[in-house]
Amino acid sequence: MWKRLLLIIGMALLIVIIGYQISFIRTRERIHKEDSLQEQGQNPEPESSVTVGTGTDKVTKDTRIIMESYDAAGDLIRREETMAGAEFVGNNRLDMLVYAGTYREQAPEQEEKDGLERMVLESYSPDCVTFVKYYGEPKEEEGFLIGVKDNAVIVYLADRSEVYEYTNIELWSLPAEIQYDLVEGIYVKNEQELFDFLQTYSS
């Protein structure tokens, strides 16, 4: 009984000692390799287990910002590369994730019309940050375009794809400045604005 217990304890100690020696040898080899690289003027490669974007791994003015855009078919339609601006300097990975996740809420109106669906943080490091924008089908323009046909006021859908309404308002009966505007086309956002315009000039 005691012999078996002593044997188990002895084997456990032996495994611990061997493991320690292996770890010690590997650590010495890594330190030696890093010292050699530093002597040659090279920076040692970072350990792959280091998580980027945390601690001191922040965006600097030398960080490259890459912005890629893909259409609904998954094709790359645009790729832009710039240096980090003041709005990014000092950000870490979490900050950039939040920026990408909330971008659509504050995106320019034109991007929404182009069909922007979302933006994601594709990759992050203090040297280079890559964002990707995904676009769906462009949104159809809403509203109406008031124009002229056969000397009468006519209402089109905003993209002029079809006639929305014919009116009995004659062009000659309107003020001169309105006549010129109608020739170019007057855009109104919704039915209420359309109704107000037609009411104003139909009497």
Side-chain angles (χ1 to χ4, degrees), residues 53 59 61 63-91 93-124 128-203:
V59 174
K61 61 182 179 62
T63 303
R64 292 180 297 127
I65 304 293
I66 297 174
M67 190 76 69
E68 295 181 347
S69 300
Y70 291 85
D71 62 16
D75 296 324
L76 179 66
I77 53 177
R78 190 164 48 254
R79 187 179 191 277
E80 301 170 346
E81 183 174 327
T82 60
M83 302 308 290
E87 73 274 22
F88 292 139
V89 172
N91 284 2
R93 183 175 184 274
L94 180 59
D95 296 325
M96 300 306 251
L97 277 170
V98 171
Y99 172 80
T102 58
Y103 179 81
R104 189 172 181 275
E105 300 170 10
Q106 55 202 11
E109 186 178 343
Q110 185 57 49
E111 286 200 71
E112 188 175 347
K113 289 181 180 179
D114 291 342
L116 177 66
E117 293 181 344
R118 69 188 189 282
M119 183 167 79
V120 299
L121 178 63
E122 182 72 10
S123 65
Y124 177 93
C128 182
V129 177
T130 303
F131 292 106
V132 176
K133 293 179 181 179
Y134 293 98
Y135 289 83
E137 294 298 329
K139 289 187 176 181
E140 292 185 8
E141 191 173 358
E142 300 176 352
F144 305 94
L145 195 70
I146 308 171
V148 177
K149 185 176 182 180
D150 298 330
N151 290 318
V153 174
I154 190 171
V155 181
Y156 298 92
L157 296 180
D159 59 0
R160 285 186 182 264
S161 60
E162 61 181 280
V163 174
Y164 177 77
E165 183 179 349
Y166 294 93
T167 75
N168 295 322
I169 303 173
E170 299 290 336
L171 183 63
W172 60 265
S173 67
L174 301 173
E177 63 273 15
I178 297 297
Q179 293 184 33
Y180 287 117
D181 290 341
L182 285 170
V183 170
E184 294 292 326
I186 298 175
Y187 172 74
V188 292
K189 294 180 181 178
N190 50 49
E191 290 187 345
Q192 184 59 53
E193 288 189 9
L194 175 62
F195 176 79
D196 292 343
F197 179 91
L198 296 179
Q199 279 291 99
T200 301
Y201 296 107
S202 62
S203 55

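The figures here come from the full heavy-atom set of this structure, side chains too, leaving out hydrogens, waters and symmetry mates. Throughout, residue positions are numbered sequentially from 1 according to the sequence presented.
Residue Asp150 qualifies as open at atom CG: its count of foreign heavy atoms under 6.0 Å is 12 or below. The local environment of CD in Glu184 is sparse, with at most 12 non-hydrogen atoms from other residues, nucleotides or ligands closer than 6.0 Å.
You'll find the side chain of Phe197 stays beyond 4.5 Å of the side chain of Ile169, heavy atoms only. Side-chain contact between Phe131 and Ile66 is absent, with no heavy-atom pair separated by less than 4.5 Å. Between Lys133 and Ile77, every side-chain heavy-atom pair lies at or beyond the 4.5 Å cut-off. Residues Tyr201 and Ser173 are not in side-chain contact: their nearest non-hydrogen atoms beyond the backbone lie 4.5 Å or more apart. Tyr135 is not listed as a side-chain neighbour of Glu137, based on a closest heavy-atom distance of 4.5 Å or more. Here the side chains of Leu198 and Glu165 are in contact, with some heavy-atom distance below 4.5 Å.
Taking the six-membered ring for Trp and the full ring otherwise, Tyr99 and Phe88 have centroids separated by under 6.0 Å.
The minimum heavy-atom distance linking Tyr187 with Ala158 is given by the pair CE1-CB, 4.0 Å. Residue Ser161 comes nearest to Asp159 through the heavy atom pair OG-OD1, 2.7 Å, listed as atom of the first residue, atom of the second, then distance. In terms of heavy atoms, Met96 sits closest to Val59 at CE-CG2, 4.0 Å. Here the closest heavy-atom approach between residue Leu145 and residue Gly185 is recorded as CD1-C, 4.0 Å. Between Cys128 and Thr63, the shortest heavy-atom distance links the atoms N-CG2, 3.9 Å.
None of Leu182, Asp181, Ile154 except one satisfies the side-chain contact (heavy atoms from CB on, under 4.5 Å) rule with Val148; the exception is Leu182.
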For Tyr124 and Leu97: C-alpha separation, side-chain torsions, deciding distance, then whether side chain to side chain contact (heavy atoms under 4.5 Å, CB included) applies. CA-CA 9 Å; Tyr124 177 93; Leu97 277 170; over 6 Å; no
Checking Met67 against Met119 for the side chain to side chain contact (heavy atoms under 4.5 Å, CB included) test, could you report, in this order, the C-alpha distance in whole Å, the side-chain angles of both residues, the deciding distance, and whether it holds? CA-CA 10 Å; Met67 190 76 69; Met119 183 167 79; 3.7 Å; yes
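Under the 30°/60° scheme for interplanar angles, the aromatic rings of Phe144 and Tyr164 are found to be tilted.
Under the salt bridge (charged side-chain N to carboxylate O under 4.0 Å, His left out) criterion, Glu191 pairs with no residue, sequence neighbours left out. For Glu68, the salt bridge (charged side-chain N to carboxylate O under 4.0 Å, His left out) criterion is met by Arg79, not counting sequence neighbours.
Side chain of Arg104 to backbone of Glu117: a donor-acceptor contact under 3.5 angstrom is found. Formation of a donor-acceptor pair under 3.5 Å by the Thr167 side chain with backbone atoms of Val153 is found in this model. With Glu162 contributing its side chain and Leu157 its backbone, the two residues share no donor-acceptor pair below 3.5 Å.
One distance of note links CG of Leu174 with CD of Gln179; it measures 6.0 Å at 0.5 Å rounding.
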